Q: 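First, the structure itself, so that you have it in front of you.
This is a predicted model, so every value here is computed, not measured.
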Amino acid sequence: MMVLLDAELFVGTSTADLMVLLWLGATQRHRIVVRDDQATAYTAWLAGLDEATRADWERVVGDGLRQSELEPSYHEVWVTARGESTWSYPHSILTFDDAIDFLQRPYRLLLENGLTDRAFLLSMCDRATREFLEERISREWVEAEHCGGLGELEKRVKKVRGHVATRMRSSAMFDSDAMRPGAPSPKSEVVRNLCYPDVHHHQLERRAIENYLPRAALERWCQLAQGRTRDKRKAQVEALFALRDDQRAHYNMKEGFEKDLPNVHRAGELFAVISGDTRRLLHHGLDVHIANLYRDGYVHFHELERAAVVAHVQQFAREIVERIR
């Protein structure tokens with residue numbers, strides 16, 4: 001996040017407190033920039049530092065400027081020495097104390113499942129995006145919240161949207177549960193409508209994360225089994241890829257046609273023509289734990305489909321980076 005410091009901060013704020021900003025910049029958690037680096041208040045303070053600390057400070061401020069020119073930050077926080085904090089989206093004007101508190105809090109990924117959904121999102125990322133997010137997750141600067149389904153995610157989003165400071169540090173991703181193209185479930189639409197326009201979010205265009213699994217990952221899943229189970233899995237994967245792209249995107253990968261029978265009307269005519277061995281092999285679904293292929297490292301970036309819906313997830317991940325950096 002871009003942090004713009006008023007020169008007046010350097011009069012009356014203890015050097016020890018200002019060193020917190022130095023650490024935030026030196027670790028590249030945030031970009032620290034002085035709004036007027038020629039102001040007397042700032043240059044006098046800088047001159048009073050020891051040589052090593054002054055060099056570190058100048059490097060951090062210089063890096064912040066260069067990084068912002070190359071890759072602009074979505075959010076900016078202006079830190080002022082006077083008045084009260086004014087929270088606004090995406091630019092806030094904060095007192096020093098409020099800024100320090102805000103800048104040290106983690107960025108939150110609001111997910112239905114904190115493990116598999118996080119692994120899915122990272123699997124969709126190019127190398128640079130993935131490394132950026134993984135480093136920050138490992139340092140607990142980014143936290144993947146396990147909300148436990150759309151109902152609980154709805155409750156979490158309701159809390160987040162009411163606080164500018166929290167929604168500036170939050171992104172939500174959730175299944176559409178769509179049984180046909182362009183028809184998200186009512187529960188998923190409730191969450192999307194709660195997010196828009198205040199909470200950064202992505203509603204998957206395919207039914208769920210498992211509908212983005214590339215064929216190569218599913219073939220590895222086949223190899224994890226032995227004997228008849230392996231043969232059955234291979235036959236199921238063949239049947240799955242005998243479907244049209246739109247059918248495969250909205251098929252119930254976990255529990256198959258059987259689970260969808262009570263709500264089959266929501267699929268319209270999408271699967272009406274499926275019959276014979278294809279329907280039999282896909283009747284019960286592939287595996288209720290099939291999404292664990294993301295978590296267990298069986299999905300590789302270069303094998304992902306070159307499809308618009310995949311690109312949209314990748315764009316969402318890049319937008320998260322823009323909001324964090």
Side-chain angles (χ1 to χ4, degrees), residues 1-5 20-33 64 67-68 71-80 84-115 117-122 124-125 129-148 152-174 191-203 313 315-325:
M1 195 171 296
M2 173 68 102
V3 183
L4 301 168
L5 308 179
V20 177
L21 294 171
L22 177 63
W23 177 81
L24 290 171
T27 57
Q28 298 187 357
R29 184 167 183 178
H30 298 291
R31 297 165 175 181
I32 309 298
V33 174
Q67 290 166 352
S68 295
E71 299 175 322
S73 301
Y74 183 83
H75 290 301
E76 289 185 357
V77 171
W78 294 3
V79 187
T80 181
E84 298 181 353
S85 294
T86 302
W87 295 95
S88 59
Y89 187 86
H91 310 297
S92 292
I93 302 174
L94 306 182
T95 64
F96 181 83
D97 288 344
D98 284 348
I100 291 298
D101 179 68
F102 173 73
L103 294 170
Q104 293 186 93
R105 292 180 181 271
Y107 195 94
R108 299 193 177 277
L109 304 178
L110 309 180
L111 307 171
E112 294 183 68
N113 186 300
L115 291 177
D117 287 350
R118 181 186 72 178
F120 162 74
L121 183 61
L122 292 173
M124 296 293 108
C125 294
T129 303
R130 179 171 185 143
E131 288 179 353
F132 179 96
L133 292 173
E134 284 183 330
E135 178 189 2
R136 282 152 181 79
I137 289 170
S138 70
R139 301 186 76 162
E140 298 183 0
W141 297 348
V142 174
E143 291 186 0
E145 287 195 16
H146 178 91
C147 295
E152 293 304 311
L153 182 59
E154 175 188 345
K155 295 176 185 177
R156 186 70 177 103
V157 170
K158 283 180 179 178
K159 291 182 179 179
V160 166
R161 67 180 296 198
H163 302 277
V164 176
T166 307
R167 69 176 187 248
M168 283 177 68
R169 297 180 290 99
S170 300
S171 294
M173 185 188 72
F174 47 95
V191 176
R192 187 184 68 83
N193 290 329
L194 279 171
C195 287
Y196 183 82
D198 297 322
V199 179
H200 181 236
H201 67 282
H202 183 71
Q203 180 190 60
V313 178
Q315 177 59 30
F316 172 66
R318 289 192 292 270
E319 290 171 2
I320 293 172
V321 171
E322 291 171 3
R323 284 162 166 76
I324 295 172
R325 70 184 181 207

Q: Would you tell me whether Ser171 and Arg323 have side-chain atoms, one donor and one acceptor, within less than 3.5 Å of each other?
A: no
Q: For Met124 and Val313, work out which heavy atoms get closest and say how close.
A: CG-CG1, 3.6 Å
Q: To the nearest 0.5 Å, what is the distance between CG on Asp117 and CD on Glu145?
A: 13.0 Å
Q: Looking at CD of Glu112 and CZ of Phe120, how far apart are the two atoms once the value is rounded to the nearest 0.5 Å?
A: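 Reported value, rounded in 0.5 Å steps: 11.5 Å.
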Q: Please name the pair of heavy atoms, one in Glu152 and one in Cys147, separated by the smallest distance, quoted to 0.1 Å.
A: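 Shortest heavy-atom contact: CB-O, 2.6 Å.
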Q: In Å, rounded to the nearest 0.5 Å, how long is the span from CD1 of Ile320 to OG1 of Thr129?
A: 10.0 Å
Q: Is it true that Arg318 and Glu322 make a salt bridge, defined as a side-chain N closer than 4.0 Å to a carboxylate O?
A: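 Salt bridge: no.
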Q: Taking the side chain as every heavy atom from C-beta outward, state whether Gln28 and Gln67 have any pair of such atoms under 4.5 Å apart.
A: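 Yes. Closest side-chain heavy atoms under 4.5 Å.
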Q: Report the C-alpha distance between Leu115 and His146 in whole Å, list the side-chain angles of each, state the deciding distance to 0.1 Å, and finish with yes or no for side-chain contact (heavy atoms from CB on, under 4.5 Å).
A: CA-CA 7 Å; Leu115 291 177; His146 178 91; 5.9 Å; no
Q: Looking only at atom types and distance, does a side-chain atom of Ser85 sit under 3.5 Å from a main-chain N or O of Thr95, one as donor and one as acceptor?
A: yes
Q: Pair Tyr74, Ile324 - check side-chain contact (heavy atoms from CB on, under 4.5 Å), show working.
A: CA-CA 8 Å; Tyr74 183 83; Ile324 295 172; over 6 Å; no
Q: With the side chain counted from C-beta on, respond yes when Glu134 and Leu122 share a heavy-atom pair under 4.5 Å apart, and no when they do not.
A: yes
Q: So, does Arg325 use its side chain to make a donor-acceptor pair with the main chain of Pro72 at under 3.5 Å?
A: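 Here the side-chain-to-backbone pair exists.
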Q: With side chains defined as the heavy atoms from C-beta onward, is the minimum distance between Ile32 and Leu22 less than 4.5 Å?
A: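 In short, these two side chains do not touch, never coming nearer than 4.5 Å.
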Q: Report the residue from Arg169, Arg136, Arg108 that forms a side chain to side chain donor-acceptor pair (under 3.5 Å) with Glu143.
A: Arg108
Q: Any side-chain heavy-atom pair from Phe174 and Cys195 closer than 4.5 angstrom?
A: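 Phe174 vs Cys195: side chains touch.
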Q: Looking only at heavy atoms, which two atoms of Phe316 and His201 are closest? And how far apart?
A: CE1-C, 3.6 Å
Q: Would you indicate whether Trp78, at its atom CH2, is surrounded by more than 12 heavy atoms from other residues, nucleotides or ligands within a distance under 6.0 Å?
A: no
Q: Given side chains that start at C-beta, do those of Thr27 and Arg139 come closer than 4.5 Å, heavy atoms only?
A: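 Thr27 reaches Arg139 side chain to side chain.
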Q: Starting from the C-alpha separation in whole Å, work towards a yes-or-no answer on side-chain contact (heavy atoms from CB on, under 4.5 Å) for Leu109 and Met173.
A: CA-CA 8 Å; Leu109 304 178; Met173 185 188 72; over 6 Å; no
Q: Main chain of Val3, side chain of His30: is a donor-acceptor contact present, judged purely on distance under 3.5 Å?
A: no
Q: CG/Asp98 to CD1/Ile93 distance, rounded to the nearest 0.5 angstrom?
A: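 One gets 12.5 Å once the value is rounded to the nearest 0.5 Å.
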Q: Return the CG to CZ distance between Leu111 and Arg156, rounded to the nearest 0.5 Å.
A: 11.5 Å
Q: Roughly how far apart are Ile100 CD1 and Leu24 CG, rounded to 0.5 Å?
A: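 The CG atom of Leu24 is 6.0 Å from CD1 of Ile100, to the nearest 0.5 Å.
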Q: Does the side chain of Tyr107 reach to within under 4.5 Å of the side chain of Met1, using non-hydrogen atoms?
A: no
Q: Give the minimum heavy-atom separation between Ala144 and Arg118, together with the two atoms involved.
A: CB-CD, 3.7 Å
